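Only one structure is covered here, and it is reproduced in the block below.
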Amino acid sequence: MTEPAPQTPADPVSAWRRLAGAAVLLDGFHALKHAVRFGAGVRIALTADRAGALALADELAGDVRDTLAELLTEVPHETYAALVPRPHPTAVAALAVRPSRADNLGELARTPRTAPVVVLDKPRNLGNAGAVIRLAAGFGATGVVTTGTLDPWHPTVVRGGAGLHFATAVERLTVEELPPGPVFALDPEGEDIRSLKLPDDALLAFGSERSGLSAELRARADHLVALPMRPQVSSYNLATSVAMTLYHWCATGGAPHGS
């Protein structure tokens, strides 16, 4: 099928460079696909293989295929590779408007909530943070909040999240700024999670990969919760811990949005 020519910027490279400083980088086809599905304001989308990208859309994203066909502008591979830090195997990249902080804070603070907020307390690993955001979006969590210095909108985090930052509210806050709700903090000394039902308005808090919960977050916690673990095994990966906890919430009465 012959595709209609997209509305190509007169100078896509200049347009990209003009927008890049303040925009969110969507790295790869799947990040663009998810961002479009969840209403991101995509300002420009480039690919070194438009036919390949649209073939992927035919196979995996028929719901947004026409939108992607309108957005994608083909450029030489050398041009594409010069504009992104790490060229993606799908040779697709886009720039989108970051959601308003005020809107995200409003979503996080709105009560009653129908799904928990995930809190990452001083996370250190960008890829793990992205994986958690992807999980949270999949389970329909209200949002993901980070404390500490890690920027949850860093390009590496967005890449790890496959563009699903646009499917949930993602912000960095201090412990004092956390939204309302009972804090269930994961800790090896806590109560076995299997004996608990996590409420929909919970804040599910997870310590950093190396040092666990900060003193500030521990003081804010209403409940300490432990995941089942074989003796002599020291810990789970952060994303695994979040997945187990959200699954427990879902399996004991919670449910992803739209289910």
Side-chain angles (χ1 to χ4, degrees), residues 34-35 37-40 98-123 128-148 150-153 157-158 161-187 190-207 213-214 216-227 238-259:
H34 283 138
R37 276 182 178 160
F38 291 99
R98 178 170 171 168
S100 143
R101 179 173 171 86
D103 287 348
N104 275 345
L105 293 179
E107 183 65 24
L108 290 166
R110 185 176 296 118
T111 55
R113 281 194 293 270
T114 58
V117 173
V118 174
V119 179
L120 303 183
D121 187 31
K122 298 184 178 179
N128 279 349
V132 167
I133 290 165
R134 189 170 184 172
L135 278 166
F139 277 99
T142 295
V144 177
V145 169
T146 63
T147 70
L150 182 144
D151 176 9
W153 285 87
V157 183
V158 177
L164 284 163
H165 284 60
F166 293 92
T168 190
V170 178
E171 288 296 336
R172 178 168 52 179
L173 301 172
T174 66
V175 172
E176 293 74 20
E177 294 170 330
L178 291 178
V183 176
F184 288 75
L186 276 287
D187 185 271
E191 184 176 356
D192 191 318
I193 196 171
R194 291 171 292 184
S195 67
L196 299 172
K197 185 177 186 301
L198 300 172
D200 292 345
D201 64 348
L203 306 183
L204 306 177
F206 301 83
L213 296 168
S214 66
E216 295 86 353
L217 198 290
R218 185 181 288 273
R220 172 74 171 78
D222 299 289
H223 308 274
L224 295 180
V225 180
L227 294 168
L238 176 61
T240 300
S241 297
V242 174
M244 292 172 70
T245 304
L246 285 173
Y247 180 79
H248 178 77
W249 162 70
C250 187
T252 55
H257 294 307
S259 64

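For clarity, every value in this text was computed on a predicted model and none was experimentally measured.
Rounding to the nearest 0.5 Å places CZ of R172 at 6.0 Å from OG1 of T146. Atoms CG and OG1, from D201 and T114 in turn, are 10.5 Å apart once rounded to the nearest 0.5 Å. Atom OG1 of T240 sits about 10.0 Å away from atom CG of L227, to the nearest 0.5 Å. Atom CG of L120 is separated from atom CZ of F206 by 7.5 Å, given to the nearest 0.5 angstrom. Going from atom CZ of R218 over to atom CG of D121 covers 10.0 Å, rounded to the nearest 0.5 Å. To the nearest 0.5 Å, the span separating CG on L178 from CD on E216 amounts to 11.0 Å.
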Worksheet item: Given the rule in the side-chain contact (heavy atoms from CB on, under 4.5 Å) test, do D187 and V225 qualify, once you have shown the distances and angles that lead to the verdict?
Response: CA-CA 6 Å; D187 185 271; V225 180; over 6 Å; no

Practice prompt. Decide side-chain contact (heavy atoms from CB on, under 4.5 Å) for V157 and D151; before the verdict, give the C-alpha distance in whole Å, the side-chain angles of both, and the deciding distance to 0.1 Å.
Written response: CA-CA 8 Å; V157 183; D151 176 9; over 6 Å; no

Discussion item. L224 vs E191, test: side-chain contact (heavy atoms from CB on, under 4.5 Å). Steps then yes/no.
Written reply: CA-CA 6 Å; L224 295 180; E191 184 176 356; over 6 Å; no

Worksheet item: Do V145 and V118 pass the side-chain contact (heavy atoms from CB on, under 4.5 Å) test, and can you show the C-alpha distance, the side-chain angles, and the key distance before you say yes or no?
Response: CA-CA 6 Å; V145 169; V118 174; over 6 Å; no

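Panel note: side chain T147, backbone K122; a donor-acceptor pair is recorded below 3.5 Å. Between the side chain of T168 and the backbone N or O of T142 there is at least one donor-acceptor pair closer than 3.5 Å. W153 places a side-chain N or O within donor-acceptor distance of the main-chain N or O of V170, the cut-off being under 3.5 Å. Not a single donor-acceptor pair under 3.5 Å links the side chain of R134 to the backbone N or O of G161. In this structure, R113 contributes its side chain and L108 its backbone to a donor-acceptor pair below 3.5 Å.
Scanning all heavy atoms of the two residues, the minimum distance from H165 to V158 falls at CE1-CA, 3.4 Å. Listed here is the closest heavy atom pair of L217 and A205: CD1-CB, 3.5 Å. When every heavy atom of D222 is checked against every heavy atom of G181, the shortest pair comes out as OD2-O, 4.2 Å. Minimum heavy-atom separation, L135 to A239: CD1-O, 3.1 Å. When all heavy atoms of N104 and P99 are compared, the closest pair comes out as ND2-CB, 4.1 Å. Considering every non-hydrogen atom in both A167 and A137, the closest pair reads CB-CB, 3.9 Å.
Considering only heavy atoms from C-beta on, V117 stays 4.5 Å or farther from V144 through its side chain. Taking 4.5 Å as the limit, every side-chain heavy atom of L186 sits out of range of all side-chain heavy atoms of S241.
Ring-plane geometry between F184 and H223 is classed as parallel, the angle between the planes falling under 30 degrees on a 0 to 90 degree scale with a further cut at 60.
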